[in-house]
Amino acid sequence: MKTPLCDLNTDELAELVSRFGQPKYRAKQILRHVTAYDSFEDYTDLPKSFIAELSEKYSAQPLTEETRVTASDGAVRYLFKTESGDFIESVYLPHDYGNSVCVSCQVGCGMGCVFCASGKHGLVRNLSAGEILAQALYIARDKKDVGGINKIVMMGSGEPLANYDNTLKFIKLVNAPDGLNIGMRSISVSTCGLPENIIRLANDGISCTLSLSLHAATDIKRKQIMRVANTYSVRELISALGTYFDKTGRRVILEYILIGGFNDTKQDVTELRQLLKGLCCHVNLIPLNPTDNYNMKPPTKKQAYAFCEQLKAVGVSASVRRSMGSDVAGACGQLKNRTVEAKARNKRT
Ligand code: SAH
């Protein structure tokens with residue numbers, strides 16, 4: 001497989017042009033094309049012979065669009081094909097205050113949360129930093145006429161902290177002033193909860209918004225829906241979040257899927273309050289997005305807001321997340337699952 005040019009940081013690009021015997025300024029030219037997600041045909045300011053050599057080992061556009069679905073609210077779900085023939089999903093979400101992109105960091109996911117469509121078939125492989133970045137670059141180019149993108153969330157398929165090195169490199173690349181230049185405050189990493197790597201992120205100088213997929217306030221309950229809860233306790237996680245806050249000064253986010261009758265009772269309010277006491281945080285309540293492989297249902301809108309009010313009443317900062325794009329094949333992983341399953345059916349017939 002060729003190396004995507006967008007996998008390279010400024011130092012690596014400098015090293016590359018010198019290896020090819022090219023003048024230093026070529027690194028900046030390449031970076032400009034990489035950031036614009038240009039094809040090699042667009043690299044018209046570089047010598048043809050150099051492009052010919054370069055394209056033997058490197059790729060300019062590691063992702064191609066397989067299909068897309070546009071929702072009535074303007075959200076777009078893209079299905080991309082990688083050079084190795086894998087499929088990954090990304091979502092574009094337009095907001096009044098700017099546009100965001102939700103990227104995937106793995107093909108499939110090995111974390112095995114029962115409610116999640118991305119993990120249905122397990123982990124296939126990690127995406128490289130460049131393959132993660134290419135999703136944002138492609139969509140920024142596609143949406144250039146509406147101002148590009150200014151926010152990144154790592155909430156697509158995969159577990160960012162289980163693909164640590166590529167996640168770290170991706171954040172640095174997307175944050176680079178001569179790249180997409182997305183500020184740390186506009187980058188969110190969502191994790192199912194790997195405490196060592198939460199602390200490692202802060203130690204590596206990253207101060208992005210950190211979201212923990214908590215979904216239940218006790219270990220007993222969390223174990224019923226998230227396999228990772230067998231390895232790490234909620235106490236360990238909350239302690240890691242406290243460390244992250246101390247090192248970065250960033251309020252942390254707790255994501256909490258509302259599963260009707262399972263984790264939305266008065267008892268859950270009490271337990272959440274106990275658990276989160278003393279942590280500078282905000283709870284994002286997400287009504288469960290029904291998937292093909294999980295039978296539970298979200299509470300009604302009224303019940304979701306009532307749960308939110310109960311949390312606020314006991315001093316927990318909380319809000320109900322408006323779910324966008326749910327009319328475009330629902331939660332993450334479902335467009336891929338449906339497309340891949342349809343392809344398999346077509347092959348058989
Ligand atoms: N692996 C990371 C990021 C990917 S999932 C994580 O676990 O945080 C992004 C978010 O979507 C997580 O909070 C995840 O729990 C949530 N999610 C997954 N399936 C969902 C569903 N069916 N309905 C609502 N949220 C879901």
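Residues T82 and E131 bring no donor and acceptor atom of their side chains to less than 3.5 Å of each other. Between the side chains of E65 and Y138, at least one donor N or O sits under 3.5 Å from an acceptor N or O. With hydrogens and angles left out, the side-chain atoms of D246 and T243 include no donor and acceptor closer than 3.5 Å.
To the nearest 0.5 Å, the span separating CZ on R77 from OG1 on T67 amounts to 12.0 Å.
The only member of N126, D204, N197 that meets side chain to side chain donor-acceptor pair (under 3.5 Å) when paired with Y164 is D204. Among the candidates L133, T167, V107, the single residue satisfying the side-chain contact (heavy atoms from CB on, under 4.5 Å) test with L127 is V107.
Below 30°, between 30° and 60°, or above 60°: for Y43 and H33 the angle between ring planes is below 30°, a parallel geometry.
Residues passing the ring pair (Phe, Tyr, Trp, His ring centres under 6.0 Å) test with Y25: none are found, sequence neighbours excluded.
Looking at F307 and V320, their side chains never come closer than 4.5 Å, going by heavy atoms from C-beta outward. Contact annotation: the side chain of E159 never approaches that of V228 to less than 4.5 Å [non-hydrogen atoms, C-beta and beyond]. Side-chain contact between E271 and V234: absent, with no pair of heavy atoms (C-beta onward) separated by less than 4.5 Å.
In this structure, K28 places its NZ atom where only 12 or fewer heavy-atom neighbours from other residues, nucleotides or ligands lie under 6.0 Å away. The environment of CG in D96 is sparse: at most 12 heavy-atom neighbours from other residues, nucleotides or ligands sit within 6.0 Å. Atom CZ of R185 has 12 or fewer heavy atoms from other residues, nucleotides or ligands within 6.0 Å. Within a 6.0 Å sphere centred on NZ of K57, other residues, nucleotides and ligands contribute 12 heavy atoms or fewer. Surrounding CG of N295 are at most 12 heavy atoms belonging to other residues, nucleotides or ligands under 6.0 Å away.
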Handout entry: Steps toward side-chain hydrogen bond (donor to acceptor under 3.5 Å, both in side chains) verdict (Q29, R26)
Key = CA-CA 5 Å; Q29 290 178 306; R26 297 259 182 256; 2.9 Å; yes
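Under the 6.0 Å cut-off for aromatic ring centres, Y78 and Y92 do not qualify, their centroids lying 6.0 Å or more apart.
When every heavy atom of A134 is checked against every heavy atom of L63, the shortest pair comes out as CB-CD1, 3.7 Å. In this structure, R222 and C192 approach most closely via the heavy-atom pair NH2-O, 2.8 Å. Nearest approach of D165 to R200, heavy atoms of both residues: OD1-NH2, 3.5 Å. For the residue pair L173 and A129, the shortest heavy atom distance occurs at CD1-CB, 4.2 Å.
Under the 3.5 Å distance criterion, the side-chain polar atoms of R321 are left unmatched by any main-chain donor or acceptor of N284.
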